[in-house]
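Numbering of ligands and ligand atoms starts at 1, following listing order.
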Amino acid sequence: MRLRNITGSREVIAESPYVVQEAVQPECPGAWRNIFGNENPIHIEIGMGKGKFIHTMAKEHPRVNYVGIEKYSSVLLRAVQKMEREELANLKFLRMDAEDITSVFGPGEVDRIYLNFSDPWPKDRHAKRRLPSREFLARYDVILKEDGRLEFKTDDRELFDFAVRELEPAGWIAEVISYDLHRDRELMQGNVMTEYEEKFSAMGNPICKYVIFRQRKCPAERARS
Ligand code: SAM
């Protein structure tokens with residue numbers, strides 16, 4: 001995502017009621033049910049950009065609580081402005097680096113994680129910064145519920161192939177892998193397009209998607225460890 005520093009974005013975010021502020025973040029693990037005031041499942045999008053996907057999802061699924069996570073204030077600002085135009089009670093934002101995700105969600109607190117068009121970090125030495133890398137999968141493993149799912153979409157075939165290769169060593173299993181999501185009628189049911197998905201699919205790029213879950217140890221193995 002091309003970043004343009006928008007003057008005043010930090011200040012707007014620091015005062016926004018839609019953003020869970022940095023000072024409050026240490027109190028978040030285990031407290032998301034209180035933050036939303038209900039027991040509904042929690043779905044998060046990491047690297048949400050301007051928030052089109054998560055805002056639409058929250059509107060379409062009012063019985064799910066959504067948390068959108070974005071590293072940069074200038075980008076998050078656009079999602080906050082969308083909320084100012086159309087407020088949703090089941091959507092909150094966090095401005096943070098997802099490297100620290102385990103400090104804001106408690107073990108098993110999240111029901112679903114979405115990664116959409118994550119930054120590719122093409123250099124090998126930056127592989128661990130890629131959001132579907134095994135380093136991040138280990139973090140997701142902590143916060144995801146036992147039967148939780150992670151969904152990843154991208155048009156970047158190299159990044160997707162890397163992400164698929166990361167699954168087995170990290171102990172995850174693919175439920176679905178598609179190399180052309182938009183031609184898969186079943187998978188397209190309920191598909192909400194992200195900003196990047198609209199742009200790159202309009203250019204004719206096939207969109208890849210996987211849905212994965214964590215391989216849990218069988219009870220005997222658990223007893224041994
Ligand atoms: N998901 C959106 C979409 O599909 O249109 C935006 C995709 S954009 C390529 C990736 C976004 O992820 C950027 O806004 C970037 O700032 C954010 N991002 C990248 N790494 C991140 C991290 N470690 N923590 C939080 N956000 C991150």
Any N or O of Gly47 closer than 3.5 Å to N or O of ligand 1:
yes
Between the main-chain N or O of Asp147 and the side-chain N or O of Arg149, is there a donor-acceptor pair closer than 3.5 Å?
yes
Does CD belonging to Glu158 count more than 12 external heavy atoms closer than 6.0 Å?
no
Output the list of atoms in ligand 1 that are nearer than 4.0 Å to some heavy atom of Gly49, sorted by atom number.
6 (C), 14 (O)
Provide the number and element of each atom of ligand 1 under 4.0 Å from a heavy atom of Asn116.
1 (N), 2 (C), 4 (O), 7 (C)
Tell me whether the count of non-hydrogen atoms from other residues, nucleotides or ligands lying under 6.0 Å of CD in Glu168 goes above 12.
no
May I ask you to list the atoms of ligand 1 that are less than 4.0 angstrom from any heavy atom of Phe117?
4 (O), 7 (C), 8 (S), 9 (C), 10 (C)
Short N-O contact, Lys153 and Glu197, less than 4.0 angstrom:
yes
Among side-chain atoms of Glu87 and Tyr18, is any donor-acceptor pair under 3.5 angstrom?
yes
Which residue in the set Phe160, Phe162, Tyr179, Tyr114 passes ring pair (Phe, Tyr, Trp, His ring centres under 6.0 Å) when paired with Tyr210?
Phe160
Show which atoms of ligand 1 fall inside a sub-4.0 Å distance from at least one heavy-atom site of Glu195.
5 (O)
Any idea which part of Glu197 is under 4.0 Å from ligand 1, heavy-atom wise: side chain, backbone, both or neither?
neither
Does the distance from a Lys or Arg side-chain N to an Asp or Glu carboxylate O, for Glu109 and Arg33, drop under 4.0 Å?
no
Atoms in ligand 1 flagged as close to Thr194, the criterion being non-hydrogen separation under 4.0 Å:
3 (C), 4 (O), 5 (O)
Using a plain distance cutoff, I'd like to know if Glu99 has any nitrogen or oxygen under 3.5 Å from a nitrogen or oxygen of ligand 1.
no
Have a look at ligand 1 and work out which part of Tyr72, if any, has a heavy atom under 4.0 Å from it: side chain, backbone, both or neither.
side chain
Atom 19 (C) of ligand 1: of Ile101, Asp119, Thr154, the nearest heavy atom sits on Asp119
Is it true that Asn40 and Asn90 share a donor-acceptor pair across their side chains at a distance under 3.5 Å?
no
Between Arg165 and Asp161, is there a salt bridge with N-O shorter than 4.0 Å?
no
Residue Glu45 vicinity, atoms of ligand 1 by number, heavy atom under 4.0 Å:
1 (N)
Select one of side chain, backbone, both or neither to describe which atoms of Lys50 lie under 4.0 Å from any atom of ligand 1, heavy atoms only.
neither
Pair Lys82 + Glu195, salt bridge at N-O below 4.0 Å:
yes
Ala98, any N or O under 3.5 Å of ligand 1 N or O:
yes
From the options Glu70, Lys153, Lys71, select the one whose nearest heavy atom is closest to atom 17 (C) of ligand 1.
Glu70
Using a 4.0 Å cut-off to any heavy atom of Asp97, which atoms of ligand 1 qualify?
22 (C), 23 (N), 24 (N)
Counting from 1, what ligand 1 atoms have a heavy atom of Met96 closer than 4.0 Å?
24 (N), 25 (C)
